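Before any comments, here is the structure.
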2 protein chains.
Amino acid sequence: MSAQRKNSRQRNAILECVKKHEDHPTADIIYQEVRELFPHISLGTVYRNLSLLTSLGSIRKISCNNHADRFDWHLEPHAHFICSRCGKVSNFPSKIQLQYINDSGDDFRGLITDQSIFFYGYCENCYNPDSPADESLPGAKI
Amino acid sequence: MSAQRKNSRQRNAILECVKKHEDHPTADIIYQEVRELFPHISLGTVYRNLSLLTSLGSIRKISCNNHADRFDWHLEPHAHFICSRCGKVSNFPSKIQLQYINDSGDDFRGLITDQSIFFYGYCENCYNPDSPADESLPGAKI
DNA sequence: GTTTTTGCAAAGTATTTGCAAATGG
DNA sequence: CCATTTGCAAATACTTTGCAAAAAC
């Protein structure tokens, strides 16, 4: 029932481009870089393939507050830090484990396919002690 | 240095509207509802005030994959489930605690202001066993 | 009275989509 | 060959913004 997949040089180049990056590039950054190999590639093709590669599980999409989505080829689960000012995404340096305090999650009907943990704030470059943020870090209990 | 705040009937109505909801409404839903009280209110005003209320910490914004942002007046930290198909957001039924396995987070320069935990998948209504999702739930280690 | 906020409309940003032509198997 | 993918351009979805008038204090 599902459509057959055909190989495409553009898709391969897009995947290779994401894999070259350790810095969670946006679709537009990937477009700019792949354009050096395929000068006539369109942004639509880049979006289409990033979306396809995400749904195939080859890469992972990071959806960011008010900024363009980013893509990550590291599939092992890890938490991200997102800068609220410049939109930069980085891996959160600590390893984190989720503890389920109660098991009412068993009540959940439907299907869980993915999970994500984000920390928000201001990155080293954007953090200015003269303009403090409006919220403080909530406790670890979620 | 920060601008003085003046009261506004529209802003109050918007906050009250968010507080009436347990279902994480979008800006547009709030707009539709507040319009019953203020028929000439504009979507721009709704966005401006939701953004202001968020930065004041009165409400919380939930940024969703490919869907309109949602707003939540429950400030105690809790995890959310986001349906990848219909965009519906619900509270995740289990309480969760984050455990930091190592403390390299101390290396982090910048400011952390917020954190969030999302589970993605298909909600009860959208889950159809005939069209299984492409990924399985990654382990709890992040 | 001065400053903030509003309504309106227009612009902006990120992403998706329709379609004929090109490509892949 | 036939199905999938591409490039292009236009459309969409959501959100922000400029500005004169209205409201708040």
Side-chain angles (χ1 to χ4, degrees), chain A residues 1-18 24-32 34-56 58-59 61-71 82 84-89, chain B residues 1-18 24-32 34-56 58-59 61-71 82 84-89:
Chain A
M1 212 67 224
S2 78
Q4 338 208 98
R5 197 70 48 211
K6 288 188 180 180
N7 206 27
S8 105
R9 305 189 308 130
Q10 287 89 334
R11 186 185 308 136
N12 295 340
I14 288 166
L15 179 56
E16 286 315 305
C17 180
V18 175
H24 315 87
T26 61
D28 198 66
I29 289 168
I30 293 158
Y31 170 60
Q32 300 301 338
V34 174
R35 210 142 64 126
E36 292 173 15
L37 279 159
F38 296 91
H40 295 291
I41 199 173
S42 76
L43 198 47
T45 297
V46 172
Y47 272 106
R48 260 186 299 231
N49 279 302
L50 288 171
S51 173
L52 176 62
L53 290 166
T54 300
S55 72
L56 291 175
S58 307
I59 60 175
K61 179 158 91 167
I62 306 167
S63 186
C64 307
N65 246 326
N66 288 332
H67 291 281
D69 290 346
R70 307 234 165 198
F71 296 88
I82 301 180
S84 301
R85 188 170 157 270
C86 70
K88 180 181 148 186
V89 173
Chain B
M1 209 72 226
S2 78
Q4 337 207 99
R5 196 70 47 212
K6 289 187 180 177
N7 205 27
S8 104
R9 307 189 305 130
Q10 287 89 334
R11 187 183 309 135
N12 295 340
I14 288 166
L15 180 55
E16 286 315 306
C17 180
V18 175
H24 316 86
T26 62
D28 198 67
I29 288 168
I30 293 159
Y31 169 60
Q32 301 301 339
V34 174
R35 209 141 66 125
E36 291 172 16
L37 278 161
F38 295 89
H40 295 291
I41 200 172
S42 77
L43 198 46
T45 297
V46 172
Y47 273 105
R48 260 185 301 232
N49 279 303
L50 288 172
S51 172
L52 176 63
L53 290 166
T54 300
S55 71
L56 292 174
S58 307
I59 60 175
K61 179 159 89 166
I62 306 167
S63 186
C64 306
N65 246 326
N66 288 330
H67 292 281
D69 290 346
R70 306 235 166 198
F71 297 87
I82 302 180
S84 302
R85 186 169 158 272
C86 70
K88 180 182 151 187
V89 173

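The structure displayed is predicted, hence computed values, not measured ones. Throughout, a chain's letter reflects where its sequence line sits, starting with A, and its residues are numbered from 1.
- Here C:dT4 presents its P atom at 17 Å from CD of B:Q10, a figure rounded to the nearest Å.
- The distance from atom CG of B:L52 to atom C1' of D:dT17 is 16 Å, rounded to the nearest whole Å.
- The CD1-P distance, from A:I62 to C:dA14, rounds to 16 Å in whole Å.
- Here B:Y31 pairs with B:R35 under the side chain to side chain donor-acceptor pair (under 3.5 Å) rule; sequence neighbours left out.
- Backbone-only engagement by A:S8 is indicated by non-hydrogen atom pairs under 4.0 Å involving sugar-phosphate atoms exclusively.
- Residue A:Y47 has no polar side-chain atom (N or O) positioned under 4.0 Å from OP1 or OP2 of C:dT16.
- Residue-level contact check: A:N49 touches the backbone only, with heavy atoms under 4.0 Å from sugar-phosphate atoms and none from bases.
- In this structure, A:H67 atom NE2 and D:dT16 atom P are separated by 10 Å, rounded to whole Å.
- OP1 or OP2 of D:dT5 lies within a sub-4.0 Å distance of a side-chain N or O belonging to A:R11.
- Residues forming a side chain to side chain donor-acceptor pair (under 3.5 Å) with B:S42 (at least two apart in sequence, or on another chain): B:T45.
- Using a 4.5 Å heavy-atom threshold, the side chains of B:R11 and B:R5 count as touching.
- Nearest heavy-atom pair, B:D69 versus B:S63, reported as atom, atom and distance to 0.1 Å: OD1-CA, 3.5 Å.
- The nearest heavy atom of DNA chain D to B:S51 and to B:N7 marks one nucleotide each, and the one closer to the 5' end goes with B:S51.
- Contact between the side-chain N/O atoms of B:T45 and the OP1/OP2 oxygens of C:dG7 is found at a separation under 4.0 Å.
- Side-chain atoms of B:K6 come within donor-acceptor range of the base of C:dT3, with a qualifying N/O pair under 3.5 Å.
- Summary of helix geometry: the two end axes of the helix from C:dG1-D:dC25 to C:dG25-D:dC1, each defined by five base pairs via their C1' atoms, are inclined to each other by 40° (rounded to 10°).
- A close approach under 4.0 Å does not occur between any side-chain nitrogen or oxygen of B:H40 and OP1 or OP2 of C:dT6.
- A 4.5 Å side-chain heavy-atom check between B:I41 and B:I14 finds at least one atom pair inside the cut-off.
- Phosphate contact (OP1/OP2 of D:dA24, side-chain N/O of B:R5, threshold under 4.0 Å): absent.
- B:D28 has its CG atom 15 Å from the C1' atom of D:dT16, to the nearest Å.
- Backbone-only engagement by A:R9 is indicated by non-hydrogen atom pairs under 4.0 Å involving sugar-phosphate atoms exclusively.
- Nucleic acid contact class of B:R48 (heavy atoms, under 4.0 Å, all strands): base.
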